[in-house]
Chemist: 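Have a look at this one before I ask anything.
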Amino acid sequence: MISRNAGRSNEALDYYKQVVAQGGAFTEDALLAIEAIYRTREDPEAYLDYVNSLGGSANRTEAQKEEVYFSSAEQIYLSGDYAKAQGTLKAYLQKYPEAAFGAKARYYLADCYRFTDQREQAVDQYQNALDAGLDGALAESALLQLATLSYELGSYGKAYGSYLKLKEVAKLDANVENAVVGLMRSAFRARQWEDAIRDAAPVLKTDNAALKREAHYVRAKSFLSTSHRAEALEEFKALATEPSTDEGAEAAYVLIQDQYDRGQFEGIQERVYSFAEKAGGQNYWLAKAFIVLGDSFVEQGNLPQAKATFESIRSGYTSTGTQDDVLDQVELRLRKLQ
C-alpha cells in the first residue's frame, strides 16, 4: 500500500501478488488492488492473464473477468483515446462473442470509428449495436448517428428508414426535429417524391425560416417531378417572395420561365427587372432569367434588343464552374442571331 500511494505501481503489484501467492486474510483485498491498478493502466489483457494464471484460487467468475475487460475498454473510450479504445473494444468483442456488454461495446466502437472518420464502419457498428439490443438514450443516439451518416454517404433509403425509427422512439425534442427534417431530406434525395411531399408538410410548421423555405422547395420540386405543375407553381410563388435566397432565386426564375412557356411575353421584362432589384448575389438564376428575357424579345421579333441582352450577359457574367451553362446558352443564342 505504501508503494501504491507513492506512485510506484510496479513495485506495488509485486507486493500485492506476493500477498495473493501466500494466501490468508488479505488475499481478496490484494486481488481488488491488483484489479484497480490494471484498470488504471487500461490493460485488461494483463489482468486476465494474471487472474487466469491463478486458476480457481483467484475466485473470479467469467462474468467478473468480462466486466473488468469491458470496464477498462469503456474508460479508454471515455478518455477520448478513440484509436486505442477501438483496438480494445474489438479485442473484447472477439474474446467474448456472446458479450454481456456487447450492445454498448458496439455503440462505443461505432463512435470510435465515427470520431476517426471511418464512416462506413461506424454505420455497420451502430446497426450491430441496435441489432444486439441497445436501448434507452444510447439507442436514440445510435439511430441519429446511423441516419445522419447514411445520409452523408448517399444511402438515402437506409437513412430514411433510420429517421423513421428515430421519430418513433425519440424522447429529446431535438432528435424529434432531426427525424422530421431527415425524413423530408432523405425522401427527396431518394427521389421518393410522394413521401417527400408528405414529409415536408410537418416541416412547414416550424418557426425556423430556413427549414420552412427548404420544405417549400422540396414540395415544389417533388410536385414538378410528379407532374403536378399547378401545385408546384404555388410553392414556387411562396419561395419567390425571397429572391435573394437560393431557393427564392430559383423560384423567381421558374416563374419567369413559366410565363414565357405560356406565351405571355409582354410582362417578362418587368418581372426580370424586379427580380434583378432584389436578387442580391444570386447571379446564376438572375442570368438565367435574363436569357429568358432575351428569348422573349426574339419571340416578339425584337432581334436587336435580344442580341443586346445576350451580349450584356456574356460581357458581365462570370461562370461559377463546369456545371454552369449560362455562357454556353448565351453563345448558342448569339450564333443563331447572326
Side-chain angles (χ1 to χ4, degrees), residues 176-297 299-300 309-310 312-313 316-321 323-326 329-330:
V176 173
E177 181 176 320
N178 281 328
V180 170
V181 175
L183 283 170
M184 175 188 73
R185 289 173 176 168
S186 298
F188 184 60
R189 292 289 188 179
R191 306 174 73 84
Q192 299 168 198
W193 308 122
E194 296 294 342
D195 289 336
I197 292 169
R198 182 193 64 241
D199 292 328
V203 184
L204 289 174
K205 299 175 183 179
T206 182
D207 293 329
N208 187 308
L211 284 177
K212 186 178 293 188
R213 189 165 58 246
E214 183 181 352
H216 278 299
Y217 182 80
V218 166
R219 285 171 62 86
K221 300 290 278 191
S222 298
F223 276 130
L224 274 185
S225 297
T226 52
S227 301
H228 291 81
R229 188 172 182 80
E231 292 88 341
L233 290 175
E234 286 302 311
E235 298 291 346
F236 280 125
K237 287 176 184 176
L239 289 168
T241 59
E242 299 179 278
S244 62
T245 65
D246 292 347
E247 301 89 349
E250 182 176 349
Y253 160 74
V254 168
L255 294 175
I256 291 168
Q257 180 66 57
D258 176 69
Q259 185 169 335
Y260 173 86
D261 293 339
R262 288 184 283 107
Q264 298 178 355
F265 308 125
E266 291 293 336
I268 289 178
Q269 183 172 358
E270 180 180 351
R271 196 160 197 166
V272 171
Y273 287 165
S274 175
F275 177 25
E277 291 175 0
K278 306 171 185 176
Q282 298 294 335
N283 295 330
Y284 174 76
W285 294 112
L286 182 59
K288 297 275 282 187
F290 270 100
I291 290 175
V292 177
L293 176 59
D295 290 341
S296 72
F297 286 138
E299 293 295 334
Q300 295 173 84
T309 300
F310 295 138
S312 176
I313 299 171
Y317 182 76
T318 301
S319 176
T320 58
Q323 301 299 314
D324 188 330
D325 61 346
V326 167
Q329 292 295 319
V330 167

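What's counted below: heavy atoms across the whole structure, side chains too, no hydrogens, waters or symmetry copies. Residues take their numbers from the sequence shown, with the count starting at 1.
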Chemist: Between Asp246 and Tyr284, does the side chain to side chain donor-acceptor pair (under 3.5 Å) criterion hold? Intermediate values first, please.
Modeler: CA-CA 10 Å; Asp246 292 347; Tyr284 174 76; over 6 Å; no
Chemist: Just verifying a value: how many Å separate His216 NE2 and Phe236 CZ, rounded to the nearest 0.5 Å?
Modeler: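 That separation rounds to 12.0 Å.
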Chemist: Whether the Tyr217 and Glu235 side chains hold a donor-acceptor pair (N or O, under 3.5 Å, no angle test) is what I'd like checked.
Modeler: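 Short answer, no.
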Chemist: Can a donor-acceptor pair be found, under 3.5 Å and without considering hydrogens, that links the side chain of Thr245 to the backbone of Glu242?
Modeler: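 Checked: pair present.
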Chemist: Above 12 or not: heavy atoms from other molecules or residues under 6.0 Å from NZ of Lys212?
Modeler: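 More than 12 heavy atoms, drawn from other residues, nucleotides or ligands, come within 6.0 Å of this atom.
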Chemist: Of the non-hydrogen atoms in Tyr260 and Ser296, which two are nearest, and what is the gap between them?
Modeler: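 Scanning both residues completely, I find the closest heavy atoms to be CE1-N, 3.8 Å.
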Chemist: Report the residues that fulfil side-chain hydrogen bond (donor to acceptor under 3.5 Å, both in side chains) with Thr226, sequence neighbours left out, ordered by chain and then residue number.
Modeler: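 Per chain and number, Thr226 pairs via side-chain hydrogen bond (donor to acceptor under 3.5 Å, both in side chains) with His228.
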Chemist: For Phe275 versus Ile256, what's the shortest heavy-atom pair and its separation?
Modeler: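 Distance-wise, the nearest heavy atoms are CD2-CD1, 4.2 Å.
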Chemist: Report the distance from atom CD of Gln192 to atom OG of Ser225, rounding to the nearest 0.5 Å.
Modeler: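 Reported value, rounded in 0.5 Å steps: 13.0 Å.
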Chemist: Does Glu231 CD have over 12 foreign heavy atoms under 6.0 Å away?
Modeler: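 Enclosed: over 12 neighbouring heavy atoms sit under 6.0 Å from CD of Glu231.
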Chemist: Step by step, work out the side-chain contact (heavy atoms from CB on, under 4.5 Å) result for Arg219 and Leu204.
Modeler: CA-CA 10 Å; Arg219 285 171 62 86; Leu204 289 174; 3.8 Å; yes
Chemist: Would you please name every residue forming a salt bridge (Lys or Arg N to Asp or Glu O under 4.0 Å) with Arg271, sequence neighbours left out?
Modeler: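 So Arg271 forms no salt bridge (Lys or Arg N to Asp or Glu O under 4.0 Å) with any residue.
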Chemist: Quick one: closest heavy-atom pair of Ser244 and Gln282, and the distance?
Modeler: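 Taking every non-hydrogen atom into account, O-NE2, 3.1 Å.
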Chemist: Do Asp258 and Tyr253 have a side chain donor and acceptor closer than 3.5 Å?
Modeler: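 Short answer, no.
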Chemist: Kindly give the heavy-atom pair with the smallest separation between Val330 and Phe310, and that separation in Å.
Modeler: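 Shortest heavy-atom separation between Val330 and Phe310 comes out as CG1-O, 3.3 Å.
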Chemist: Got a second to check how far Gln257's CD is from Leu255's CG, nearest 0.5 Å?
Modeler: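 Atom-to-atom, Gln257:CD and Leu255:CG are 11.0 Å apart.
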Chemist: Could you walk me through whether Arg185 and Glu214 pass the salt bridge (charged side-chain N to carboxylate O under 4.0 Å, His left out) check?
Modeler: CA-CA 9 Å; Arg185 289 173 176 168; Glu214 183 181 352; 2.7 Å; yes
Chemist: For the CG atom of Leu239 and the NZ atom of Lys237, what is their distance to the nearest 0.5 Å?
Modeler: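 Separation between the atoms: 12.5 Å.
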Chemist: Only pairs under 3.5 Å count here: list side-chain donor-acceptor contacts from residues 286-295, not counting sequence neighbours, and write none if there are none.
Modeler:
unit_1: Lys288; atom_1: NZ; unit_2: Asp325; atom_2: OD2; d: 3.4
unit_1: Asp295; atom_1: OD1; unit_2: Arg333; atom_2: NE; d: 2.8
unit_1: Asp295; atom_1: OD2; unit_2: Arg333; atom_2: NE; d: 3.3
unit_1: Asp295; atom_1: OD2; unit_2: Arg333; atom_2: NH2; d: 3.1

Chemist: For residues Met184 and Ala215, report the shortest heavy-atom separation together with the two atoms involved.
Modeler: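 In terms of heavy atoms, the two residues are closest at SD-CA, 3.7 Å.
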Chemist: State whether Glu234 and Arg229 are salt-bridged, where the test is any N-O pair (Lys NZ or Arg NE/NH1/NH2 against Asp/Glu carboxylate O) under 4.0 Å.
Modeler: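 No, this pair does not count.
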Chemist: For the rings on Phe223 and Trp193, is their centre-to-centre separation under 6.0 Å?
Modeler: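 Judged by ring-centre distance (under 6.0 Å), Phe223 and Trp193 do not meet the cut-off.
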Chemist: A side-chain contact here means heavy atoms from C-beta on lying under 4.5 Å apart; do Gln259 and Glu266 qualify?
Modeler: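 No, every pair of side-chain atoms sits at 4.5 Å or beyond.
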Chemist: Give me the atom names and distance for the closest heavy-atom approach of Asn208 to Leu211.
Modeler: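 For Asn208 versus Leu211, the nearest heavy atoms are OD1-N, 3.0 Å.
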Chemist: Measuring from Leu183:CG to Arg198:CZ, what's the distance to the nearest 0.5 Å?
Modeler: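 The distance works out to 8.5 Å.
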Chemist: So does Arg213 get a backbone contact from the side chain of Glu247, meaning a donor-acceptor N/O pair under 3.5 Å?
Modeler: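 Checking the backbone N and O of Arg213 against the side chain of Glu247, no donor-acceptor pair under 3.5 Å is found.
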Chemist: Counting only heavy atoms not in Arg189, do more than 12 sit closer than 6.0 Å to its CZ atom?
Modeler: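 No - once you tally the heavy atoms of other residues, nucleotides and ligands closer than 6.0 Å, there are 12 at most.
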